[in-house]
There are 2 protein chains.
Amino acid sequence: MTTATGSRTSPDKHDARRRALAESALRTLGELGYTRTSLREIAQNSEFSHGVVHYYFRDKHELIVYCVRYYKETCVRRYDGVVTTATTPLELLDGFADKLVETLVEEAPMHRLWYDLRSQSMFEESLREAVLHIDGTLEDMVWRVVSRYAELCGTVPALTPRVTYGLVDGLFQQALLGFLSGRGGVLDELRATVRGLMPTLVRAEA
Amino acid sequence: MTTATGSRTSPDKHDARRRALAESALRTLGELGYTRTSLREIAQNSEFSHGVVHYYFRDKHELIVYCVRYYKETCVRRYDGVVTTATTPLELLDGFADKLVETLVEEAPMHRLWYDLRSQSMFEESLREAVLHIDGTLEDMVWRVVSRYAELCGTVPALTPRVTYGLVDGLFQQALLGFLSGRGGVLDELRATVRGLMPTLVRAEA
DNA sequence: GCATTTTCTGGACGACTGTCAGGAATCGGT
DNA sequence: ACCGATTCCTGACAGTCGTCCAGAAAATGC
């Protein structure tokens, strides 16, 4: 108790445990959603017991916020590669649209979980801070893409970051619901729409 | 039992009761959201007992879908007045933007309930049919506005109904979250954004 | 008035929830 | 090898949920 850390095991171990738990929990959450997921269900789909969840996280609330934060942390870097490597507007456009469609398909459960959480935050004020923060990082993510696209076009974005994000997010959410509903052609439609929309998000070239 | 109707009381009475129950339930649902609202809570905030809810609705699922359907039925006619009375593009533009902001403020609980339900439908397939149908009516609603606006401009819409709705809905949802979070300036921003966006939703005049 | 149907009440049931006290396992220091 | 402290986990608790139901109350037709 006299050591600086105050504990025998390193805090790294503790954090690693939290991350492992979060990763397992994310699978269940993505499958069942915010409310239908119980701590027991999370524990059952993992190697841990349901009590240990409460040992590492104060309550269900903290666990879920941690999970989504953890996921989105890597999520917002998804387009950084395309942004830095693209040398022409079209290249960036295709890369962005493709990756958008790709993540929609491959990580659909994660995305619907995010929208679920954001909807819940409209009712539960305790969720709002985390949601608004994540929303901000997503806004930045989109902004990096659009402003780089504008740069490659030799112009500047036409709208504010907020509005730009709002538009793209609306389309993405719509496509996600369509995809989950098994509606055909949704993916190509999203790709085409984004490609068509992007030029209108930047100022007309001089 | 030999009559054509098969019952003594008219089915109108039955439907009227369902509507009354739905209206009461909507208040609670708008306040607490889909999952945190229990049938007991709904009953408590009404003049009925919690058993009568199950008498008029098979289960919670049917009640909530009925409620949101019932609300959206009147919701989708909100802009019809503006659409028919406006004689200039600007008039329609202002009328639409104003009404959009008005309903966001005055019926915020209803709107967040709708987004809640739509998010839930990404997980529960049983909700999907109702959600997709409502989404379609909202798409039509937006389309009526935009195509009339195009007409007044002497042109035609530039995008598909789906995409047009996706864009507007994304902005609205973003503004709703901002409004509920107490972020200032959200209303004026929405109004200004819609006014600026609308011209880009129709083809440039010849 | 009675008989029948509709409407409503409020309690009971089983399943499930988040939570946590207290025991088991593990570990570092000696 | 042993002990006390720390870490981890199990079982049980109190509460809530949707649902169902037996029967009271009210409405209706004759």
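Treat the numbers as computed from the prediction; the structure is a model and nothing was measured. Letters go in sequence order (proteins before strands), and every chain restarts at 1.
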**Q** State whether the number of non-hydrogen atoms from other residues, nucleotides or ligands found under 6.0 Å of B:H133 atom NE2 is greater than 12.
**A**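 No - once you tally the heavy atoms of other residues, nucleotides and ligands closer than 6.0 Å, there are 12 at most.
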**Q** Below 4.0 angstrom from OP1 or OP2 of C:dT9, is there any side-chain N or O of B:S49?
**A**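 Yes.
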**Q** Any donor-acceptor pair under 3.5 Å joining the side chain of A:H50 to the base of C:dT19?
**A**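 Yes, a donor-acceptor pair under 3.5 Å.
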**Q** CD1 of A:I42 versus C1' of C:dT19: gap in Å, rounded?
**A**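 So the CD1-C1' distance, A:I42 to C:dT19, works out to 15 Å.
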**Q** Counting only side-chain nitrogens and oxygens, does B:H14 get under 4.0 Å of the OP1 or OP2 atom of C:dT6?
**A**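 It does not, given that no N or O in the side chain of B:H14 lies less than 4.0 Å from OP1 or OP2 of C:dT6.
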**Q** What contact category does B:T37 fall into here, base, sugar-phosphate, or nothing, at under 4.0 angstrom with non-hydrogen atoms?
**A**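 The residue B:T37 makes sugar-phosphate contact but no base contact.
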**Q** Is B:R36 positioned over the aromatic face of A:F123, cation under 6.0 angstrom from the ring centre and no more than 45 degrees off axis?
**A**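 No, a cation-pi geometry is absent between B:R36 and A:F123.
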**Q** Could you check how far CD of A:Q44 sits from P of D:dT10, rounded to whole Å?
**A**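 Roughly 12 Å, once rounded to whole Å.
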**Q** Quick one: sort the B:F172 and B:Y115 rings into parallel, tilted or perpendicular, breaks at 30° and 60°.
**A**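 Ring orientation, 0 to 90° scale: tilted.
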**Q** How far apart are the closest heavy atoms of B:K72 and B:I134, and which atoms are they?
**A**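 That closest heavy-atom pairing would be CG-CG2, 3.6 Å.
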**Q** Write down the distance between CZ (B:R36) and P (D:dG15), rounded to a whole number of angstrom.
**A**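 That distance rounds to 20 Å.
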**Q** With a cut-off of less than 4.0 Å, is there a side-chain N or O of B:R17 near OP1 or OP2 of C:dC8?
**A**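 Checking C:dC8 against B:R17, a side-chain N or O does come within under 4.0 Å of OP1 or OP2.
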**Q** Once you round it to whole Å, what is the distance between P of D:dC9 and CZ of A:F48?
**A**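 Atom CZ in A:F48 sits about 7 Å away from atom P in D:dC9.
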**Q** Just say parallel, tilted or perpendicular for the rings of A:Y79 and A:F96, cut-offs at 30° and 60°.
**A**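 The rings of A:Y79 and A:F96 stand perpendicular, inter-plane angle above 60°.
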**Q** Can you measure B:D15 atom CG to C:dT7 atom P for me and round it to whole angstrom units?
**A**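 Rounded to the whole Å, the gap is 11 Å.
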**Q** Classify the nucleic acid contact of A:F57 as base, sugar-phosphate or nothing, counting any heavy atom under 4.0 Å across all strands shown.
**A**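 The residue A:F57 makes no contact with any strand.
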**Q** Side chain of A:Y55: nearest nucleotide among C:dT19, C:dG10, D:dC8?
**A**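 Output: D:dC8.
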**Q** Do the side-chain N or O atoms of B:H54 get closer than 4.0 angstrom to the phosphate oxygens (OP1, OP2) of D:dG18?
**A**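 For B:H54, the contact criterion (side-chain N or O under 4.0 Å from OP1 or OP2 of D:dG18) is not met.
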**Q** Looking only at the side chain of B:S38 (C-beta and beyond, no hydrogens), which of the listed nucleotides D:dC17, D:dC8, C:dT9 gets closest?
**A**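 The listed nucleotide nearest to B:S38's side chain is D:dC17.
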**Q** What is the separation between atom CG on B:L39 and atom C1' on D:dC20, rounded to the nearest whole Å?
**A**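 To the nearest whole Å, that distance equals 12 Å.
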**Q** What is the distance, to the nearest angstrom, from the NE2 atom on A:H61 to the P atom on C:dT17?
**A**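 Answer to the nearest Å: 19 Å.
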**Q** Nearest whole angstrom, please: distance from the P of D:dT7 to the OH of A:Y56.
**A**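 Interatomic distance, OH of A:Y56 to P of D:dT7: 9 Å.
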**Q** Of the nucleotides D:dC20, D:dC17, D:dC8, which has the atom closest to the B:R40 side chain?
**A**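 Ranking D:dC20, D:dC17, D:dC8 by closest atom to the B:R40 side chain puts D:dC17 first.
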